[in-house]
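Inspection log for the structure reproduced underneath, given as structure tokens.
So that the names make sense, note that chain A is the first sequence line, chain B the second, and so on, each numbered from 1. Since the structure is predicted, the reported quantities are computational estimates derived from the model, not experimental observations.
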Amino acid sequence: MCGRFVRKEEKVLLESRFNCDTLAGILPAPEYNIAPSQDCPVVTVEGDRRVLGLMRWGLVPAWSDDVKIGYRMINARAETVAEKQSFKTLLKKSRCLVPASGFYEWKKLAGGGKTPYFIRLKGGGTFAFAGLWTVWHAGKDDELHSFTIITTSANELMSPIHDRMPVILHEKDEARWLDPELGKPGDILPLLVPYPSGDMECWEVSPYVNSYKNKGEECIKPVTSGHSRRP
DNA sequence: CCAGACGTTGTT
DNA sequence: GTCTGG
DNA sequence: CCAGACGTTGTT
DNA sequence: GTCTGG
């Protein structure tokens with residue numbers, strides 16, 4: 001679940017919305033169909049300031065001897081993230097915000113097919129997924145920064161589509177999620193819950209989005225004549 | 001102590 | 001790197 | 001997440 | 001069917 005998302009924000013908007021500076025490199029343009037292995041802007045804490053840096057979606061743990069593991073480490077389960085050895089240290093020390101405008105889920109059909117849905121906050125505001133990040137060393141000076149998105153059970157809006165959904169942080173909780181002083185599970189696990197259904201909306205979109213190569217407005221256009229509706 | 005594993009999803 | 005299992 | 005590939009030998 | 005790649 002949560003294997004594709006959307007980020008329509010410009011760099012300037014991201015910096016103001018998340019109160020951060022741009023760390024290094026050129027940020028990619030707004031993006032409609034972000035897939036695993038792509039580089040995305042991610043907000044982390046360095047010392048006493050927030051920074052926006054680029055990382056690859058799909059966690060490549062420091063111990064891995066193969067970068068390809070990242071293709072399958074795109075999510076971490078909230079229910080077990082404090083216990084799994086691959087995540088517990090990161091949960092304590094390496095949390096991040098992943099800015100987004102929405103995400104996709106594919107609903108399985110009885111006939112064996114699948115239909116993509118676009119999901120976002122009501123009205124389309126910018127939000128942050130709860131993420132974990134790490135560094136992998138390919139060579140002596142070769143660092144790969146990567147991240148994963150935490151998932152939780154589906155809320156009422158999502159459950160007709162899928163049984164899992166990404167953790168979306170309430171804006172007031174973003175500072176807590178990033179606070180390096182907070183390392184105890186009791187401080188931060190309560191944030192990893194489904195976002196309220198009433199504050200979200202979703203609609204069916206075209207299978208055009210099935211290919212991550214397809215970009216643009218078409219990726220979030222309702223498949224039924226312009227009206228958003230429940231699945 | 002060392003050796004060995006370390007993840008999610010969906011589908012069956 | 002860090003945790004679990006033997 | 002979905003799309004797309006999925007192989008070896010020998011010769012150049 | 002299953003794995004890899006983006």
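- Partner A:Y32 forms a side chain to side chain donor-acceptor pair (under 3.5 Å) with one of A:K8, A:R7, A:E217 and no other, that one being A:E217.
- Atom pair A:F147:CZ and B:dG7:C1' shows a separation of 16 Å (rounding to whole Å applied).
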| query | Does the pair A:E143 and A:H137 meet the rule for a side-chain contact (heavy atoms from CB on, under 4.5 Å), with working shown? | reply | CA-CA 5 Å; A:E143 288 191 343; A:H137 292 269; 3.3 Å; yes
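- In this model, the phosphate group of B:dC6 is not approached by any side-chain N or O of A:T89 to a distance below 4.0 Å at OP1 or OP2.
- When the options A:R120, A:E9, A:R17, A:E171 are evaluated for a side chain to side chain donor-acceptor pair (under 3.5 Å) with A:T126, the one that passes is A:E9.
- Between A:Y117 and A:W106, a ring centre-to-centre spacing not shorter than 6.0 Å is recorded.
- If you check every strand for non-hydrogen atoms under 4.0 Å, A:T80 touches sugar and phosphate atoms only.
- Across all strands shown, A:K84 has heavy atoms under 4.0 Å from sugar-phosphate atoms exclusively, and none from any base.
- Using N1 to N3 plus N6-O4 or O6-N4 for Watson-Crick, or N1-O2 and O6-N3 for G-U wobble, each under 3.5 Å, B:dG7 pairs with nothing.
- Atom CD1 of A:I150 and atom P of B:dG7 are 14 Å apart (whole Å).
- Note on A:T151: a side-chain N or O is less than 4.0 Å away from OP1 or OP2 of B:dT9.
- Looking at A:N33, its side chain never comes within 3.5 Å of a backbone N or O of A:K215 through a donor-acceptor pair.
- Across all strands shown, the partner of B:dC2 is C:dG5, judged by Watson-Crick or G-U wobble contacts whose two distances both fall under 3.5 Å.
- Classification of the A:H170-A:Y195 ring pair by plane angle, with boundaries at 30° and 60°, yields parallel.
- Under 4.0 angstrom from either OP1 or OP2 of B:dT9 there lies at least one side-chain N or O belonging to A:R164.
- Straight-line distance from the CE atom of A:M73 to the C1' atom of B:dA5: 12 Å, rounded to whole Å.
- Rounded to whole angstrom, the span from the CD atom of A:E79 across to the C1' atom of B:dG7 amounts to 14 Å.
- For the pair A:I119 CD1 and D:dC1 C1', the computed distance is 12 Å after rounding to whole Å.
- Using a 4.0 Å heavy-atom criterion, one finds that A:P61 contacts no nucleic acid atom at all.
- Between A:W203 and A:F118, the gap from one ring centroid to the other is short of 6.0 Å.
- One atom, CD of A:Q38, and another, C1' of D:dC2, lie 12 Å apart when rounded to the nearest Å.
- Of the candidates B:dT9, D:dC1, B:dT11, the closest approach to any side-chain atom of A:I74 belongs to D:dC1.
- When DNA chain C is scanned in the 5' to 3' direction for atoms under 4.0 Å from non-hydrogen atoms of chain A, the outermost contacting nucleotides are C:dG1 to C:dC3.
- To the nearest angstrom, C1' of B:dA5 lies 8 Å from CH2 of A:W63.
- For B:dG7, neither phosphate oxygen OP1 nor OP2 lies less than 4.0 angstrom from any side-chain nitrogen or oxygen of A:N75.
- Atom-to-atom, CZ of A:F87 to C1' of B:dA5 comes out at 14 Å; the value is rounded to the nearest Å.
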